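What follows is one structure encoded as structure tokens, with my remarks underneath.
Remember, it's a predicted structure, so these values are computed and weren't measured experimentally.
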Amino acid sequence: MLANYNLLKILAIFMVVAVHMLNVVNLVPPGDVRAFHVHEIIRTVLLTSNGLFFMLSGRFLLEHYDGKIGRFYWKRVVKIGIPVLAASCFYYVYVFGKNGMDGVFWKNFVKDLMQSHVQGYLWFVYALAGFYLAVPFLSRMFGQMSRREKAALTGITILYFLVQNLYQIFHLEMVFTSYFLYSWVFYCVLGYLLDSMELSKKQKNRLILAGLLCFLVSAWEICFWDRENPAIHNYSLTMISMTMAGYLAVTTYGKWLAGRLESVVHFVAGRSFWIYLMHGLTQNWIAGWLNGGWLGEGIFGGSRPWMTGGAAGWGCWFVLSVLSFVMALGIGCLLDAVYKPVSRWLLKMDFKMFAEKEK
């Protein structure tokens with residue numbers, strides 16, 4: 001992956017860590033409306049990390065898919081599925097294992113695993129799984145489309161999201177429910193679509209400006225609008241535009257910085273998935289430390305949020321986010337060193353069944 005995209009990956013994973021740190025550090029004193037608005041505006045910006053991760057996940061898979069369906073699925077199992085299963089098992093034992101690990105324990109683990117109840121932020125992987133299933137077919141479809149058709153698809157899809165958002169805002173029954181890209185899958189294909197359309201620098205700047213304007217709209221919604229926008233953090237036009245702006249800004253204007261720090265960027269980005277998996281543990285340790293103990297009682301919410309506020313509070317939140325990121329990176333380096341030879345062996349396995357099917 002190019003260095004500027006890896007730089008974006010690092011930024012996105014740090015934003016994930018930072019937004020979850022808001023569960024550890026309480027920055028809103030009771031009854032302080034202004035502090036609440038600031039909190040929600042910053043949280044909204046940080047939540048563009050969801051869309052950015054989906055965009056990065058799909059960008060190169062759609063472009064470089066080699067037509068080998070069985071092998072493609074197996075790589076996803078090895079690179080994503082097995083680490084997620086191992087992390088889920090670890091978290092479940094970490095939180096509930098102290099009460100014993102009998103047959104009922106493992107039955108409940110399987111049930112919670114299938115429902116993504118083990119660790120809240122792992123919902124991302126479950127959402128991504130559906131996209132992985134579609135990559136072999138979407139790749140062929142997009143590969144046959146012209147630039148104009150891709151632009152039309154992008155515009156039509158964004159318009160569809162806008163219509164659905166208006167239904168939600170005005171509490172209308174959503175009857176237009178069959179559009180195949182109305183999900184996180186659209187974010188998964190959005191990075192590929194933007195890059196494959198080969199936008200000019202002027203067009204990119206316009207989309208970046210549109211994202212900044214949409215940020216102001218979101219801030220206005222949070223501070224002054226009486227209505228609630230249920231999709232403000234996922235499928236709203238403002239969130240889509242803000243996410244596109246972040247994607248284009250970093251991949252276009254981050255090349256110089258990424259190039260100067262290329263070795264560091266590639267090293268950290270190569271372990272970003274491990275950071276994602278393990279930052280829940282590091283933040284739990286931090287929560288326990290802030291509350292006067294070595295370890296928190298559970299993952300995200302087992303310990304009471306540590307109260308602080310004002311500019312010093314936000315500074316504390318940022319420092320703790322960096323600390324959690326660095327700690328998770330350290331754990332990730334160890335896990336990557338252990339799992340990498342295992343994954344290489346698994347990927348080298350000769351699956352004749354896949355080869356026969358692909359013939």
Side-chain angles (χ1 to χ4, degrees), residues 1 5 9 12-13 16 47-89 91 109-145 150 153-154 156-158 160-161 163-165 168 174 176-196 230-231 233-236 239-240 243-244 247 272-273 276-277 347 354 357-358:
M1 187 180 290
Y5 290 90
K9 183 184 290 188
I13 188 60
V16 169
L47 285 174
T48 59
S49 58
N50 291 330
L52 289 173
F53 257 121
F54 281 118
M55 291 175 75
L56 287 167
S57 297
R59 166 62 179 85
F60 293 97
L61 289 180
L62 290 170
E63 181 179 7
H64 299 301
Y65 172 67
D66 60 6
K68 299 178 181 180
I69 297 178
R71 284 290 182 181
F72 175 82
Y73 289 156
W74 178 242
K75 285 182 179 179
R76 306 287 79 75
V77 171
V78 172
K79 293 183 177 181
I80 305 296
I82 294 176
V84 168
L85 177 61
S88 298
C89 184
Y91 280 125
F109 167 70
V110 172
K111 182 179 178 181
D112 287 342
L113 177 69
M114 296 301 294
Q115 298 180 90
S116 187
H117 290 167
V118 174
Q119 176 62 289
Y121 61 73
L122 291 180
W123 70 268
F124 171 85
V125 179
Y126 290 78
L128 196 59
F131 168 70
Y132 285 153
L133 291 174
V135 164
F137 318 107
L138 290 175
S139 178
R140 176 162 294 191
M141 181 183 80
F142 291 142
Q144 301 299 317
M145 292 173 62
K150 291 174 182 176
L153 175 65
T154 304
I156 290 169
T157 305
I158 291 175
Y160 186 90
F161 274 80
V163 171
Q164 293 290 57
N165 193 197
Q168 292 174 295
M174 297 172 66
F176 298 103
T177 57
S178 301
Y179 189 64
F180 78 113
L181 287 180
Y182 185 66
S183 68
W184 287 109
V185 171
F186 176 60
Y187 282 97
C188 291
V189 304
L190 185 55
Y192 169 82
L193 290 173
L194 287 175
D195 287 347
S196 64
H233 295 142
N234 46 48
Y235 297 157
S236 67
M239 180 55 74
I240 293 172
T243 304
M244 286 196 299
Y247 179 90
S272 61
F273 187 60
Y276 165 75
L277 290 179
L347 292 174
F354 294 160
K357 287 184 177 181
E358 287 157 6

If you compare all heavy atoms of [X] against all heavy atoms of [Y], which two are closest, and at what distance to 0.1 Å?
X: T157; Y: L153; answer: OG1-O, 2.7 Å
X: A12; Y: S49; answer: O-CB, 3.5 Å
X: M239; Y: H233; answer: CE-CA, 3.7 Å
X: G143; Y: Y192; answer: N-OH, 4.3 Å
X: L133; Y: Y73; answer: O-OH, 2.7 Å
X: T154; Y: F186; answer: O-CZ, 4.2 Å

Is it the case that more than 12 heavy atoms not belonging to K150 sit under 6.0 Å from its NZ atom? yes
Give a yes or no on this: more than 12 heavy atoms of other residues, nucleotides or ligands lie within 6.0 Å of atom CZ of F180.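 Correct, the count exceeds 12.
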Tell me whether Y276 contacts the main-chain N or O of Y121 through its side chain, where contact means a donor paired with an acceptor under 3.5 Å.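 It does hold such a pair.
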Yes or no on side-chain contact (heavy atoms from CB on, under 4.5 Å) for L62 and L193, after CA distance, side-chain angles and deciding distance? CA-CA 10 Å; L62 290 170; L193 290 173; over 6 Å; no
Decide yes or no on side-chain contact (heavy atoms from CB on, under 4.5 Å) for M55 and L194, but give the supporting numbers first. CA-CA 10 Å; M55 291 175 75; L194 287 175; 3.8 Å; yes
Mind checking the [atom1]-[atom2] spacing from [X] to [Y]? Nearest 0.5 Å is all I need.
X: Y91; Y: L277; atom1: OH; atom2: CG; answer: 7.0 Å
X: F109; Y: S88; atom1: CZ; atom2: OG; answer: 5.5 Å
X: S183; Y: F161; atom1: OG; atom2: CZ; answer: 6.5 Å
X: F273; Y: I80; atom1: CZ; atom2: CD1; answer: 4.0 Å
X: N165; Y: N234; atom1: CG; atom2: CG; answer: 8.5 Å
X: K111; Y: H117; atom1: NZ; atom2: NE2; answer: 9.5 Å

Dump the intermediate steps for side-chain contact (heavy atoms from CB on, under 4.5 Å) on Y187 and I240, then the final yes or no. CA-CA 8 Å; Y187 282 97; I240 293 172; 3.2 Å; yes
Run the ring-ring contact (aromatic ring centres under 6.0 Å, His included) check on F60 and Y5 step by step: do they pass? CA-CA 10 Å; F60 293 97; Y5 290 90; 5.1 Å; yes
Any heavy-atom pair between the side chains of I158 and M244 that's under 4.5 Å? yes
So, do W184 and N50 sit near enough that their side-chain heavy atoms are less than 4.5 Å apart? yes
Go through it in stages, so that I can follow the logic: the residues are F54 and L128, the test is side-chain contact (heavy atoms from CB on, under 4.5 Å), and I'd like the CA-CA distance, side-chain angles, deciding distance and then a yes or no. CA-CA 7 Å; F54 281 118; L128 196 59; 3.8 Å; yes
Which word best sums up how the rings of Y182 and Y160 line up, parallel for under 30°, tilted for 30 to 60°, or perpendicular for over 60°? perpendicular
On the ring face of F137, is R140 found with NZ or CZ under 6.0 Å from the centre and within 45° of the axis? no
Assess, by modelled atom type and distance only, whether the side chains of Y247 and D195 contain a donor and an acceptor separated by less than 3.5 Å. yes
